[in-house]
Amino acid sequence: MKITVIGGGIMGSGIGQVAAQAGFDVTIVDVSEEGLDRAKTSIAASLEKFESKKKIQSAAEVLSRIQFSSEWDSVEQADAVIEAVPEKLELKKQVFEKLDRLAGEDCLLASNTSTLSITAIAGATSRPEKVIGMHFFSPVPMMALLELVKGYQTSEETYEKAKQLGEQLGKRLITAEKDYPGFLMNRIWLPMVNEACFALMEGVGTAEEIDQGFIDGYGHKMGPLRTIDMAGIDTTLWAMESLYEGFGDPKYRPCPILKKMVEAGDLGKKTGKGFYTYEGGVKEDAKRVVV
Ligand code: NAD
């Protein structure tokens, strides 16, 4: 089975890796050569860790199943395409318009969107019944969960195909039966991390204290601010904006701190600086954010 992943960032590289580990032939497509290089480096590093922990036999063998490309030819032969480009509706619609022109008629078309309408994304194609949300969690090779999201027109056949693919990828599945912004998980998770940002902005506590509280008080492995540093401050802001626009409810108003950080280019671990600073992937020290 052949899988093409569109977008080789944090999520696309993780999805591509997991698909290659499951034995699929994978192509990761990205507009940026730098992005493709980064994807290859991060996948190779992750596979080496898995190999040293004896979770896979050969990192080189898994890596050899992944092609990295700025061309879209692989879409024509793909059995499934999973889109993981930035959380912007217009961009995702353009990607799906193009997929609709290139993909074979039996190809499963999936979006890894965190919050956006699967129905609207599917509407950019002439085959909305074949489009579904496959929402993975980061880091994809470590997180068991896959949230399937049914768009308004997603067919039962498409849902069954996506379910089977998710199981082949070794994921545990939950399903959002209705296509509301943020689906099941992010509708609940994002307002909470947004509130953590407001608490920080209002000076109620430091980033370290907020995060420590979640670890010691609620048993989380990582606090909310550290988690969104990993996910990307830009991705978190856009996802929050999508909830706000999608529901039209002020309770989803994105915290201004997120906007300021994106304007400043502090996007979290991927740029080395977010709520914390990072060097070589290691948290160095807490950074107080001044709005
Ligand atoms: P990212 O910024 O790390 O990666 C996006 C990649 O897409 C970049 O490498 C970029 O060069 C590439 N890209 C942009 N336009 C493109 C195009 N037209 N064609 C091909 N590639 C293109 O973002 P990410 O964190 O991987 O997020 C991707 C999607 O996954 C978003 O919809 C996001 O909401 C969702 N998501 C993210 C997380 C997370 O924790 N980061 C979790 C679940 C879902």
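For ligands, and for the atoms within them, numbers begin at 1 and follow the listed sequence. Note that these values count all heavy atoms, side chains included, but never hydrogens, waters or copies made by symmetry.
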Test of proximity, Asn112 against ligand 1: N or O pairs below 3.5 Å: yes
Protein heavy atom at shortest distance from atom 32 (O) of ligand 1: Glu87 OE1, 2.6 Å
Distance-only donor-acceptor check, side chains Glu160 and Gln164, under 3.5 Å: no
Note: Glu34-Arg38 ion pair, threshold 4.0 Å (strictly below): yes
Location of contacts on Phe137 toward ligand 1, heavy atoms closer than 4.0 Å: neither
Pair Glu129, Thr154: side-chain N/O donor-acceptor within cut-off below 3.5 Å: no
Modelled atom types, side-chain donor and acceptor of Thr4 and Ser74, under 3.5 Å: yes
Closest approach of any protein heavy atom to atom 3 (O) of ligand 1, naming residue and atom: Ile10 N, 2.9 Å
contact_flag Gly232 ligand 1 heavy-atom lt 4.0 Å: no
Donor-acceptor contact below 3.5 Å, side chain Arg172 vs main chain Ala144: no
Qualifying residue, where the test is salt bridge (Lys or Arg N to Asp or Glu O under 4.0 Å) with Asp234 and the options are Lys88, Lys269, Lys270, Lys259: Lys270
Residue-ligand contact Pro86/ligand 1, heavy atom below 4.0 Å: yes
Numbering as shown, the atoms of ligand 1 that approach Thr235 to under 4.0 Å (heavy-atom distance): 25 (O), 33 (C), 34 (O), 37 (C)
Side chains of Thr271 and Tyr278, donor plus acceptor under 3.5 Å: no
Ligand 1-proximal atoms of Thr115, by part, heavy-atom distance under 4.0 Å: neither
Atoms in ligand 1 with a heavy atom of His135 nearer than 4.0 Å: 43 (C), 44 (C)
Leu108, Asp179, Leu109, Ile121 screened by side chain to side chain contact (heavy atoms under 4.5 Å, CB included) with Ile132, the one that passes: Leu108
Ligand 1 versus Ala231: contacting region, heavy-atom distance under 4.0 Å: both
Asp211/Tyr276 under side chain to side chain contact (heavy atoms under 4.5 Å, CB included): CA gap, chis, key distance, verdict: CA-CA 11 Å; Asp211 281 348; Tyr276 300 90; 2.5 Å; yes
Among Lys270, Glu83, Met11, Glu33, closest by any non-hydrogen atom to atom 1 (P) of ligand 1: Lys270
Val85, any N or O under 3.5 Å of ligand 1 N or O: yes
Any donor-acceptor N/O pair, Asp100 side chain to Ser126 backbone, under 3.5 Å: yes
Atom indices of ligand 1 within 4.0 angstrom of Leu91 heavy atoms, with elements: 15 (N), 18 (N)
Shortest heavy-atom approach to atom 16 (C) of ligand 1 - which of Ile28, Val31, Ile15: Val31
Mode of Ile6 contact toward ligand 1 - side chain, backbone, both, neither (heavy atoms, under 4.0 Å): side chain
Side chain, backbone, both or neither: Asp30 near ligand 1, heavy atoms under 4.0 Å: both
Under 3.5 Å: N/O of Gly35 near N/O of ligand 1: no
Heavy atom of the protein closest to atom 44 (C) of ligand 1 (residue, atom name, distance): Ser114 OG, 3.2 Å
Ion pair check, Lys150 and Glu156, cut-off under 4.0 Å: yes
Under 3.5 Å donor-acceptor, Ser52 side chain and Lys49 backbone: yes
Glu87 versus Trp238, closest heavy-atom pair with distance: O-CB, 3.5 Å
Per-residue contact class, Gln94 against ligand 1 - non-hydrogen pairs under 4.0 Å: neither
Side chain, backbone, both or neither: the part of Lys92 lying under 4.0 Å from ligand 1 by heavy atom: side chain
Donor + acceptor pair across side chains of Glu209, Thr206 (<3.5 Å): yes
Identity and separation of the nearest protein heavy atom to atom 43 (C) of ligand 1: Phe136 O, 3.2 Å
Residue Thr113 vicinity, atoms of ligand 1 by number, heavy atom under 4.0 Å: 32 (O)
Minimum-distance protein heavy atom relative to atom 4 (O) of ligand 1: Gly9 CA, 3.2 Å
